[in-house]
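Read through the structure below, which is laid out as structure tokens, and then see the notes.
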Amino acid sequence: MKITREEVEHVAHLARLNLTEDEKIQMTKDMEAIIGFADQINALEIGDVIPTAHVIPINNVFRDDVARPSMDREKLLRNAPNQENGCFSVPKVVE
Amino acid sequence: MLYQKSVSALQHMLQNKEVTSEEVTQSYLDRIEMVDKKVGAYITVASESALATARAVDEKRNKGEVLSPFAGIPIGIKDNMCTEGLRTTCASKMLDNFVPPFDATIINKIKENDMIILGKLNMDEFAMGSSTENSAYHVTKNPWDLEYVPGGSSGGSAAAVAAELAPFTLGSDTGGSIRQPAHYCGVVGMKPTYGRVSRYGLIAFASSLDQIGPLTRDVRDAALALNLICGHDRMDSSSAFMDTPDFTTYLDQDIKGMRIALPREFMGEGIAEDVKASILSAVKILEHMGAVVDEVHMEMTEYALPSYYLISSAEASSNLARFDGIKYGHQAGDYDTLVELYKQSRDEGFGAEVKRRIMLGTYALSSGYYDAYYKKAQQVRTLIKNQFDLLFAEYDLVLTPTGPTTAFKIGAKVNNPIEMYLNDICTVPINIAGLPAISLNSGFDRMGLPIGLQLIGKGFDEGTILKVAHAYEQARVLDKVRPEL
């Protein structure tokens, strides 16, 4: 399985990772090895076996629609790198 | 020494007022002060709050209040479980300054039972690794030989129990992260059935595989710990609606006629000779006690590991998307746009292995590859689960080594991700099938490093595992009980 530098850049963008030049070189090598390893499962003829996403048969879990207090806003904002007027602060998104 | 006592012994002494919780807690804090410089099990030691809580519990006891059997018992916590007001790093620079605003359900239980949190334990960053070398803070050393790794990802949790830096600890197990370090450090590590223990407040790695469990000195303590941590939680939608039995009722039982399967696939090529020999001598002991052990054939085992790395990385890439540098965690200093802020914060905050897993997971989920990798891995998951169902139609337990080798030297595998992944070959199938399993010491190899025996049970049948593990533990003879430190 050949992995190109362009593929690494594409996947890194999807994953929202800025890789440095050195990281890109190393990641290309590592991805090739790891995906080659993962590719072993494609040696298996599997047909239409039903995939398992979760081992225990729980579907939707409902509870009664009862209002309960939420977590304290100030407490939740305490770990935010930037905050303003009781909100998380981010760079301008819409011009 | 107090720090050498098991949880069951400490419970007895505290209830009979032979010792105070303050004395027990101080004994551990002194031990940590003296020994943890060498071992490096802890990231954060909570000395002050531990002592204050211990004194408060002693006061309650002196007033004659009715207390939980766990009241006043200290515990160490893997640093991926949220503790309100106590820094929780996941051993990542991403969460270096993260102080959770809430307690995980498991931490709530610990506090409700008036237990003492000694501190937060080292791990591989975001629980991704098999040696604790991926911690952004420091490398934890194996207490049996300080040049060797303690295993991972719950390496701090296992090393702390082996080095007597806590009477017991909690770890988490996604592909073997409790059992493999228990094997390397010669302690008891148990992964309960998926859904037994609430994951609310456990920082997620791979949500369909993650499970919290205890690391203890002996099997009795493991049973006690399960009594403490199991139970349904409405805060975790994958939490099972199952009653929690008193797991100690499974101890001190006869195992005559128990049927145990020994799959050849876990005793063949790639398994070290000393490990095989130790497992076979354990089989003799079990047979001597009346268990019936049959060699069996188990298909699909060679596909478990690649399937595990695809599923767990895919889930991780999705779970770790929350670390965006905005709500909490590391934020880059230099950026122009919102997307640049995400990308730069994540590049600076995550270590190399975490990035590799995010990349693999994103790749496996990306358009054009989904069917060949993620979907196929989930199909393999079905087949592996079916293999266990077949075995459990005839047997009570499955027995394997916990890992192919004993602990390796620090640095030996750090540059080879695939070689590192192969350490998990005996443990990942159990997570894939969501089953419970225990690892306990069955002896030492020629280097004097511990060897772990793994017992796998049917879903929600932790009791049978504990029954056989306890009987074996009483019968086995070990040359060494504790490491010299």
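Any value given below was found using the heavy atoms of this structure, including those in side chains, with hydrogens, waters and symmetry copies removed. Per chain, numbering begins at 1; letters A, B, ... match sequence-line order.
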**Report entry** Contacting region of B/N386 [heavy-atom separation from chain A under 4.5 Å]
**Finding:** neither

**Report entry** chain B interface, residue from A/I3, A/V8, A/D39 that has the most non-hydrogen pairs under 4.5 Å
**Finding:** A/D39

Requested in this report: Grab the two heavy atoms, one from A/K75 and one from B/P101, that are nearest each other, plus how far apart they are.
Outcome: CE-O, 3.4 Å

Query - Which portion of A/V93 sits near chain B, non-hydrogen atoms under 4.5 angstrom - result: side chain

**Report entry** Heavy-atom pair with the smallest gap, counting every atom of A/P81 and B/G329
**Finding:** CG-O, 3.5 Å

Query raised in the report: For the atom pair CG (B/L320) and CG (A/L17), what is the distance rounded to the nearest 0.5 Å?
Result: 10.0 Å

Query raised in the report: For B/Y335, is it the side chain, the backbone, both, or neither that has a heavy atom closer than 4.5 Å to a heavy atom of chain A?
Result: side chain

Query raised in the report: Heavy-atom distance under 4.5 Å to chain B: side chain of A/Q83, backbone, both or neither?
Result: neither

Report summary line: Applying a strict 4.5 Å limit to non-hydrogen atoms, the region of B/S345 in contact with chain A is neither

Query - chain A contacts, top residue of B/F98, B/Y342, B/F350, B/Y309 (heavy-atom pairs, under 4.5 Å) - result: B/F98

Query - Separation between CZ of B/F241 and CD1 of A/I56, rounded to the nearest 0.5 Å - result: 9.5 Å

Requested in this report: Decide if atom CG of A/D72 counts as having more than 12 heavy atoms of other residues, nucleotides or ligands within a radius under 6.0 Å.
Outcome: yes

Query - Under 4.5 Å from any heavy atom of chain A - which part of B/K375 - result: both

Query raised in the report: Any donor and acceptor pair, going by atom type alone, linking the side chain of B/R381 with main-chain N or O of A/A53 inside 3.5 Å?
Result: yes

**Report entry** B/S208 side chain vs A/H54 backbone, donor-acceptor pair below 3.5 Å
**Finding:** no

Query raised in the report: Listed by residue number, which members of residues 24-31 of chain A have a heavy atom under 4.5 Å from any heavy atom of chain B?
Result: A/M27, A/D30, A/M31

Query raised in the report: Say you draw a straight line from NZ of B/K355 to CG of A/L19; how long is it, rounded to the nearest 0.5 Å?
Result: 6.5 Å

Requested in this report: Identify which part of B/E302 has an atom lying under 4.5 Å from any heavy atom of chain A, answering side chain, backbone, both or neither.
Outcome: backbone

Requested in this report: Could you look at B/R234 and say if it's the side chain, the backbone, both or neither that has a heavy atom under 4.5 Å from chain A?
Outcome: side chain

**Report entry** chain B contact via A/H10 - side chain, backbone, both or neither, heavy atoms under 4.5 Å
**Finding:** neither

Requested in this report: Could you verify whether a donor N or O on one side chain and an acceptor N or O on the other, from B/Y373 and A/N42, lie under 3.5 Å apart?
Outcome: no

**Report entry** Between A/N18 and B/E340, a side-chain donor and acceptor under 3.5 Å
**Finding:** yes

Query - Min side-chain heavy-atom separation B/Q379-A/L44 under 4.5 Å - result: no

Query - Region of B/L360 that comes under 4.5 Å of a non-hydrogen atom in chain A - result: both

**Report entry** Exercise: identify the closest heavy-atom pair between A/P91 and B/L341
**Finding:** CD-CD2, 3.6 Å

Report task. Please state whether the side chain, the backbone, both or neither of B/E84 comes within less than 4.5 Å of a heavy atom of chain A. Result -> side chain

Query raised in the report: Any donor-acceptor pair under 3.5 Å linking the side chain of B/S237 with the backbone of A/V61?
Result: no

Report task. Begin from the C-alpha positions of B/M359 and A/I34 and carry the test side-chain contact (heavy atoms from CB on, under 4.5 Å) through to its verdict. Result -> CA-CA 10 Å; B/M359 290 288 288; A/I34 296 169; over 6 Å; no

Query raised in the report: At a heavy-atom separation under 4.5 Å, does B/A377 approach chain A through its side chain, its backbone, both, or neither?
Result: both

Query raised in the report: Just how far is it from atom OH of B/Y421 to atom CZ of A/F37, taken to the nearest 0.5 Å?
Result: 9.0 Å

Report summary line: When rounded to the nearest 0.5 Å, the distance separating CD1 of A/I41 from OH of B/Y303 is 10.0 Å

Query - Top of B/D336, B/L338, B/I326, B/D324 for chain A proximity - count of heavy-atom pairs under 4.5 angstrom - result: B/I326

Requested in this report: Check whether any side-chain N or O of A/N79 sits under 3.5 Å from a backbone N or O of B/K327 as a donor-acceptor pair, and report yes or no.
Outcome: no

Report task. State whether the side chain of B/R346 and the backbone N or O of A/A15 hold a donor-acceptor pair below 3.5 Å, judged by distance alone. Result -> yes

Report summary line: So, the part of B/I432 with a heavy atom under 4.5 Å from chain A: the answer is backbone

Query raised in the report: Could you give the distance from CD1 (A/I35) to OH (B/Y363), rounded to the nearest 0.5 Å?
Result: 4.5 Å

**Report entry** A/I46 and B/K376, any side-chain heavy atoms less than 4.5 Å apart
**Finding:** yes

